[in-house]
Novice: 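First, the structure itself, so that you have it in front of you.
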Amino acid sequence: EREAVLKEEKERRTALEMEKLAKEKMAKPVLEDLLGKKEESNEYEIKIEELRADFEAKLKRLEAERKSLEEEKVEAYDNMEGLKARAKALEEESYIMLEKHKKEVEEARQEKETTEEKLAETARTMEGTMQKLEETERAKADAEKMIESVQQEKSGMKNRL
């Protein structure tokens, strides 16, 4: 962008200089011709003064345009520098956000692993509890059978007595 601005400014200056030279070349022969004749006519002197005044006015206008273009160039350069600074700030901000996101993803991954480990431990504990419950139910069933057997023996003994 800066190169484009500088190239455009250079082209403008060249055009202005060419216009200035063309006007000087156009005005110079007329002035030399008028002066070369050395006519004392007021008409020629007035015309020379008008041309000189016109030339000076155009020269001042071109100089003002040149200054304006210089100011625009400086302003464009300042704007470009501001945009560069903003782009750099955005790049840094996005880098910080990316690093923060990476950290959050890593924390989430670790939390997932911890949760999976706890879930696996809970499943093992539950499996052990289920086995103990089954053993307890078998023991209860065995105890009930023993109690029933003992009651039958007791009842058989009572009948014998």
Novice: Is it true that Glu49 and Arg52 make a salt bridge, defined as a side-chain N closer than 4.0 Å to a carboxylate O?
Specialist: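 Looking at Glu49 and Arg52, the cut-off is met.
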
Novice: Would Asp54 and Lys58 count as a salt bridge (charged side-chain N to carboxylate O under 4.0 Å, His left out) here? Give the steps.
Specialist: CA-CA 6 Å; Asp54 185 45; Lys58 288 180 180 178; 3.3 Å; yes

Novice: Indicate yes or no for a side-chain donor-acceptor contact from Ser68 to the backbone of Ala64 under 3.5 Å, with no hydrogens or angles considered.
Specialist: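 A pair under 3.5 Å: no.
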
Novice: Tell me which one of Glu75, Glu71, Glu70 satisfies salt bridge (Lys or Arg N to Asp or Glu O under 4.0 Å) with Lys73.
Specialist: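 Checked Glu75, Glu71, Glu70 against Lys73; only one passes salt bridge (Lys or Arg N to Asp or Glu O under 4.0 Å): Glu70.
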
Novice: Does CD in Glu99 sit with more than 12 non-hydrogen atoms of other residues, nucleotides or ligands closer than 6.0 Å?
Specialist: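 Result for CD/Glu99: enclosed.
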
Novice: Do the side chains of Arg12 and Glu8 get close enough for a salt bridge, i.e. N-O under 4.0 angstrom?
Specialist: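 Counted as a salt bridge, because a side-chain N and a carboxylate O are separated by less than 4.0 Å.
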
Novice: Any Lys/Arg nitrogen of Glu81 or Lys84 sitting under 4.0 Å from an Asp/Glu carboxylate oxygen of the other?
Specialist: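 Looking at Glu81 and Lys84, the cut-off is met.
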
Novice: Hey, does Gln152 have a side-chain heavy atom less than 4.5 Å from the side chain of Glu148?
Specialist: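 Heavy-atom side-chain distance check passes, below 4.5 Å.
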
Novice: Which side-chain N or O atoms in residues 102-113 pair as donor and acceptor under 3.5 Å with protein atoms at least two apart or in another chain?
Specialist:
unit_1, atom_1, unit_2, atom_2, d
Glu106, OE1, Arg109, NE, 3.2
Glu106, OE1, Arg109, NH2, 3.4
Glu106, OE2, Arg109, NE, 3.4
Glu106, OE2, Arg109, NH2, 2.3
Glu106, OE2, Gln110, NE2, 3.2
Arg109, NH1, Glu113, OE1, 3.3
Arg109, NH1, Glu113, OE2, 2.3

Novice: Between the side chains of Arg124 and Glu121, is the shortest nitrogen-to-carboxylate-oxygen separation below 4.0 Å, so that they form an ion pair?
Specialist: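 Counted as a salt bridge, because a side-chain N and a carboxylate O are separated by less than 4.0 Å.
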
Novice: Hey, what do you get for CG (Leu83) to CG (Asp78), rounding to the nearest 0.5 Å?
Specialist: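 These two atoms lie 11.0 Å from each other.
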
Novice: Hydrophobic clusters join Ile, Leu, Val, Met, Phe, Trp and Tyr when side-chain heavy atoms are under 4.5 Å apart, directly or via other members; which others share one with Met80?
Specialist: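 Grouped by the 4.5 Å side-chain rule, Tyr77 form the rest of the cluster around Met80.
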
Novice: Do Leu62 and Leu69 sit in the same hydrophobic cluster, where Ile, Leu, Val, Met, Phe, Trp and Tyr count as joined when their side-chain heavy atoms come under 4.5 Å apart?
Specialist: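 Looking at the clustering, Leu69 is in the same group as Leu62.
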
Novice: In sequence, state the C-alpha distance, the side-chain angles, and the governing distance for Lys132 and Glu135, and then conclude on salt bridge (charged side-chain N to carboxylate O under 4.0 Å, His left out).
Specialist: CA-CA 5 Å; Lys132 286 180 182 177; Glu135 289 173 9; over 6 Å; no

